[in-house]
Amino acid sequence: MTSMQERYDLVILGSGSTAFAAALHAAELGKSAVMAEFRTVGGTCANRGCLPSKNLIEAARLVYDAAHPRYPGLTPVHMPFSWAELVAQKDEMIEEYRAHKYESLLDDPDHMQVVPGQARLVSDHEVEVRTPDGPRRLIGSQLLIATGSAPSIPRVPGLWDVPYLTSDLLSAAGDPWGREQREQPRSLLILGGGYIALELGQMFARFGTEVTLVTRGRTILSGYEPEIAEALTEILQEEGLRIVTGAQGRGVRSEGEGVALSVKLHGSQQTFTADSLLVSTGRRPNTEALGLERAGVEIDSAGAVRVDRTLRTNVSHIWAAGDVIGRETASQMATPVGAHDGKVAAHNALSGKPLREVDHRVIPRTIFTDPQVAVVGMTDEEAVAAGIACNCNTIPLSVVPRAGAIRDTRGVIKMVLDGPTRRVVGVSMLGVNAGEVIHEAAMALRFGATTDDFIDMIHVYPTMAEALKIVAISFTKDVNRLSCCAT
Ligand SMILES: Cc1cc2nc3c(=O)[nH]c(=O)nc-3n(C[C@H](O)[C@H](O)[C@H](O)COP(=O)(O)OP(=O)(O)OC[C@H]3O[C@@H](n4cnc5c(N)ncnc54)[C@H](O)[C@@H]3O)c2cc1C
């Protein structure tokens, strides 16, 4: 069958948050944009990432808190729940969100549309999409690669021969490639110690699944402040998760109805078994089978599309943004980064105005465990590696009045300063509402604030945000000797 040829100002591979931000901006500029998508419109975040996970994590918190009230006088109750109904409401919520935030925007096909099917470059201006009705050839004056990322699967012998789950277990109903988890596993072995492993691990454990998390890292959350990793490990262990660190996966095999994972642990061999195995060992940029070589687009050693700070690839009219650029330009794989950068890429590709550069120095980030982990800027180790004469302090959240008032003092906050100027270069927090609190720190980093700025600013009392003021004070005073409102 010969393919139809169609011309657009911007042809986008993918239809996630990065692609939509770019397509919307193209439409605002009066240009025509088309996206190609082989799974569900809206991409990972809406359909199988952020939204479904946060939806079920909150339900798990309600179940857990009912059984573990923090207040004497509240009686623990075992809250019965239906996994099937929880999954069904999750799908319904996603469907509504997708209809509202993505599909409803596709009402003007002259400016913005999605072509269903797998896309690949056939030349530096042409993208072929294998649609259910046959191939379509989309010709773009400009192209944007926004194909996101996929779970990366480690080479553990036997893994390919056993059934295993990935974060796709949250996939929206109707995703041809998704593997939605329609039954709650009685026991779950999780390979990995990053944010997805921890969020999903705690969620399943709170619903009553027996969870064993096995990671090769010395601690969970490698790359984060060790104080945070250590405190979160204790919290999760107290909730009943089994956490095994420093384990090298040696082999996986089926055992009865379940799976067995053998690891090398402190020099000896050990085997863990469970009903199901979830592989959550990171994500890799989706650059395979895209035909990048046909257009001469370069990738880096991690498989990410190589871009400069304007998000331009080595081919002048081809751009890339979102998860697919990996750590290029110090980017991070997160939805708001892709959405921000998608717009920048569309501006640079189509506006004819001076090029914008991305600035990835301040990217606040949250892990939605309970309590949450939230970070912005540099860790202690990163500051040292960057040659900063840094000064760091970590305090427990028990010194924050709100934490005491609501009987939840779990967690710590750490601040990293540029010693000589006292400018704050990094904050990491584990605690209630850390994902909200971190925005104050992010704004402070953006404007080069010092510890004095945090101390002088009047904070609402009693809030968790006071943790920032108190940790800033801790560089010069004993924070156990403060009166109300951190004075
Ligand atoms: C379990 C989980 C939880 C997460 N939680 C959060 C969170 O709380 N907050 C946060 O900020 N981030 C979170 N993320 C990360 C977030 O989902 C991603 O950073 C974000 O979706 C990246 O957007 P993107 O548009 O770059 O890529 P994607 O959303 O992945 O979109 C790319 C799209 O391109 C399509 N595609 C790929 N190749 C082709 C091809 N050849 N042809 C056609 N289509 C193609 C894919 O099917 C996909 O739909 C989470 C991720 C996971 C997996």
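Values below: all heavy atoms of this structure, side chains included; hydrogens, waters and symmetry mates excluded. For the single chain, residues carry numbers from 1 onward in sequence order. Note that this is a predicted model, so its numbers are computed, not measured. Just so you know, ligand 1 is whichever comes first in the structure, and atom 1 is the first atom listed for that ligand.
Evaluated for a side chain to side chain contact (heavy atoms under 4.5 Å, CB included) with Pro151, the options Ile196, Leu278, Thr166 yield exactly one hit, Thr166.
A cation-pi arrangement is present between Arg365 and Tyr195 under the rule of less than 6.0 angstrom and at most 45 degrees off the ring axis.
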_Please evaluate residues Glu210 and Arg186 with respect to the criterion salt bridge (Lys or Arg N to Asp or Glu O under 4.0 Å), reporting the C-alpha separation (whole Å), side-chain torsions for both, the decisive distance (0.1 Å), and the verdict._
CA-CA 6 Å; Glu210 201 179 289; Arg186 252 183 326 121; over 6 Å; no

*Carefully, step by step, assess Gln113 and Asp108 under the rule side-chain hydrogen bond (donor to acceptor under 3.5 Å, both in side chains).*
CA-CA 7 Å; Gln113 58 174 298; Asp108 177 7; over 6 Å; no

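Near Arg283, meaning under 4.0 Å from one of its heavy atoms, ligand 1 places the atoms 53 (C). Close contacts of ligand 1 with Leu290, meaning ligand atoms under 4.0 Å from a residue heavy atom, involve 41 (N). Against a heavy-atom cut-off of under 4.0 Å, Arg48 is close to the following atoms of ligand 1: 1 (C), 47 (O), 48 (C), 49 (O). Within ligand 1, the atoms closer than 4.0 Å to a non-hydrogen atom of Pro336 are 11 (O), numbered from 1 in the order shown. Listed by number with element, the atoms of ligand 1 under 4.0 Å from a non-hydrogen atom of Met333 are 19 (O). The distance from ligand 1 to the heavy atoms of Gly322 drops below 4.0 Å at these ligand atoms: 26 (O). Less than 4.0 angstrom separates some heavy atom of Lys54 from each of these atoms of ligand 1: 5 (N), 6 (C), 7 (C), 8 (O). In summary, the atoms of ligand 1 found under 4.0 Å from a heavy atom of Ala36, numbered by their order in the structure, are 43 (C), 44 (N).
Looking at Asp370 and Arg61, no side-chain N of the basic residue comes within less than 4.0 Å of a carboxylate O on the acidic one, giving no salt bridge. Look at Lys31 and Asp110 and you find no salt bridge, because none of the NZ, NE, NH1 or NH2 atoms lies under 4.0 Å from a carboxylate O.
Residue contacts with ligand 1 leave out Phe20, since none of its heavy atoms falls under 4.0 Å from the ligand.
For atom 36 (N) of ligand 1, the nearest non-hydrogen atom of the protein is Phe38 CE2, 3.5 Å. Here the protein heavy atom with the shortest distance to atom 47 (O) of ligand 1 is Glu37 OE2, 2.7 Å. Among protein heavy atoms, the minimum distance from atom 51 (C) of ligand 1 is reached at Tyr195 OH, 3.4 Å.
In terms of polar-atom proximity, defined here as any N/O pair under 3.5 Å, Ser17 does make such a contact with ligand 1.
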